[in-house]
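First the structure, in the form of C-alpha cells, and then the observations on it.
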2 protein chains.
Amino acid sequence: MNKSQLYKGSLTTIILKLLEENGRMYGYEMTQKVREMTSDELTINEGALYPALHKLEAEGLLTVEVVPAGNRLRKYYSITLKGQAETVNRLAELESFIEHMRILLGPKVILG
Amino acid sequence: MNKSQLYKGSLTTIILKLLEENGRMYGYEMTQKVREMTSDELTINEGALYPALHKLEAEGLLTVEVVPAGNRLRKYYSITLKGQAETVNRLAELESFIEHMRILLGPKVILG
DNA sequence: AAAATATACCTCAGATTCTGATGTATCAAG
DNA sequence: CTTGATACATCAGAATCTGAGGTATATTTT
C-alpha cells in the first residue's frame, strides 16, 4: 500500500467494506477498484493485500471460492456474517480515530 | 498507544502537532495532554512514545533540553524548522488519507 | 511511618503490518 | 516475440506498536 500513504491497519477495513458493497471480489480486482475509485491516487500493494486476505480468511471473516477464468484461476472472496459484524466494529474504530485526530490536530484538519 | 485504536503512523503526527501548538513539552506531559483532550478515551503508550521521540530527535525534527524539576529530570522537546515543514506534510497526508477513506468507505463514514 | 499512587524517564521481546523485490503463469496486442 | 496486463503468491527486511518490566523521586492516603 503506497502513494499518498495509508495508515497501517486500514487495509483490512477497506477489504471488508469493498466486499460488503460488492458482494464478491478477487484480489486483483480489489487493487483495480481502489485505483479507479481514487483516480490512481491510492495503490494497494499486492505484497500487503494477499497476506491480508489469507489472514481474514483464516480468521473466518471471509470465505473463498476458486473459479477458473479461461485458463487462469481467480479466488473470489466473500464476507461472512462474522466479517460483517467485524466491519461494523472497524468502521466505528475509524470514526473514533478521526474524531480523536480532529480534537488533537485542530479544526483546520479534516474539514478540508 | 491504545484504547480506541490509533492507526500505526499517526503517533508522530500527534507529537509534532502538540509541539507546534504548545511550543515545548516533555514526554509525560504529552501523555497527560492527550488524555485530557480526549476525556481519557485515548491513551498514549509510553513504550511507543519514548522511542518515537528519540527517533524524531535523531531525524532532526525535534530538539531536546534536559531540565531539572525538583530532584527529577524532564526532557523538554521543541520542534525544529525541519520539524515544522514535516508537520505540514504529515497533516496533508492525514487529510489525504481521510479523503480516500471517505471515498472508499462511503459517505456514511466520517461525517459523524 | 508505611504503602500506594503519581510523576518521569527508559528498554526490550514479540506481534503486526507494510514495502519492495521477486517469482510463476496465462493472455492480448502490436 | 516481446511487452504489458491479468492473477496469484512468497519473502527479507523495515517500521511501528503492545505489553511488560525496570529505575527513581515525589506526593497522597491510610
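Reminder, nothing fancy here: chain letters follow the sequence lines and each chain counts from 1. Computed from a predicted model, the values in this text were never measured in an experiment. Every heavy atom of this structure was used, including side-chain atoms; hydrogens, water molecules and symmetry mates were not.
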Could you run down the sub-3.5 Å N/O contacts of the protein with nucleotides 26-30 of chain C?
| from | atom 1 | to | atom 2 | distance (Å) |
| --- | --- | --- | --- | --- |
| C:dT26 | O2 | A:Arg72 | NH1 | 3.3 |
| C:dC27 | OP1 | A:Asn71 | N | 2.8 |

_Using the salt bridge (charged side-chain N to carboxylate O under 4.0 Å, His left out) criterion, which residues pair with A:Glu65? Sequence neighbours excluded._
A:Arg24

*Residue list, salt bridge (charged side-chain N to carboxylate O under 4.0 Å, His left out) with B:Glu57, at least two apart or on another chain*: none

_Length of the line joining A:Tyr7:OH and C:dC18:P, which is rounded to integer Å_ = 14 Å

*Which residues, ordered by chain and number, are linked to A:Leu81 in its hydrophobic cluster, where ILVMFWY side chains connect at heavy-atom gaps below 4.5 Å, directly or through other members?*
none

*Go through the structure and list residues passing salt bridge (charged side-chain N to carboxylate O under 4.0 Å, His left out) with B:Lys82, not counting sequence neighbours.*
none

*Could you state the CG-P distance from B:Asp40 to C:dA6, rounded to the nearest angstrom?*
11 Å

*Expressed in angstrom and rounded to an integer, what is the separation of A:Glu59 atom CD from C:dA15 atom C1'?*
13 Å

*asked:* Rounded to whole Å, how long is the line connecting atom CG of B:Leu11 with atom C1' of C:dT17?
replied: 16 Å

*In chain order, what residues pass the side-chain hydrogen bond (donor to acceptor under 3.5 Å, both in side chains) check against A:Tyr28, with sequence neighbours excluded?*
none

*Nucleotide C:dG20, atom C1' - distance to CD1 of A:Ile44 in whole Å*: 16 Å

What's touching nucleotides 9-12 of chain C from the protein side, N or O pairs under 3.5 Å?
| from | atom 1 | to | atom 2 | distance (Å) |
| --- | --- | --- | --- | --- |
| C:dC9 | OP1 | B:Lys75 | N | 2.9 |
| C:dC9 | OP2 | B:Gly27 | N | 3.4 |
| C:dC9 | OP2 | B:Tyr28 | N | 2.6 |
| C:dC9 | OP2 | B:Tyr50 | OH | 3.3 |
| C:dC9 | N4 | B:Glu46 | OE1 | 3.1 |
| C:dC10 | OP1 | B:His54 | NE2 | 3.2 |
| C:dC10 | OP1 | B:Lys75 | NZ | 2.6 |
| C:dC10 | OP2 | B:His54 | NE2 | 3.3 |

*If you look only at pairs with a residue in residues 60-95 of chain A, which of them pass as a ring-ring contact (aromatic ring centres under 6.0 Å, His included), with sequence neighbours excluded?*
A:Tyr26-A:Tyr76

*Between A:Lys8 and D:dA14, is there a side-chain N or O to OP1/OP2 distance below 4.0 Å?*
no

Which donor-acceptor pairs under 3.5 Å do the side chains of residues 85-92 of chain B make with protein atoms, sequence neighbours left out?
| from | atom 1 | to | atom 2 | distance (Å) |
| --- | --- | --- | --- | --- |
| B:Glu86 | OE2 | B:Arg90 | NE | 3.0 |
| B:Thr87 | OG1 | B:Gly83 | O | 2.7 |
| B:Arg90 | NH1 | B:Thr12 | OG1 | 2.9 |

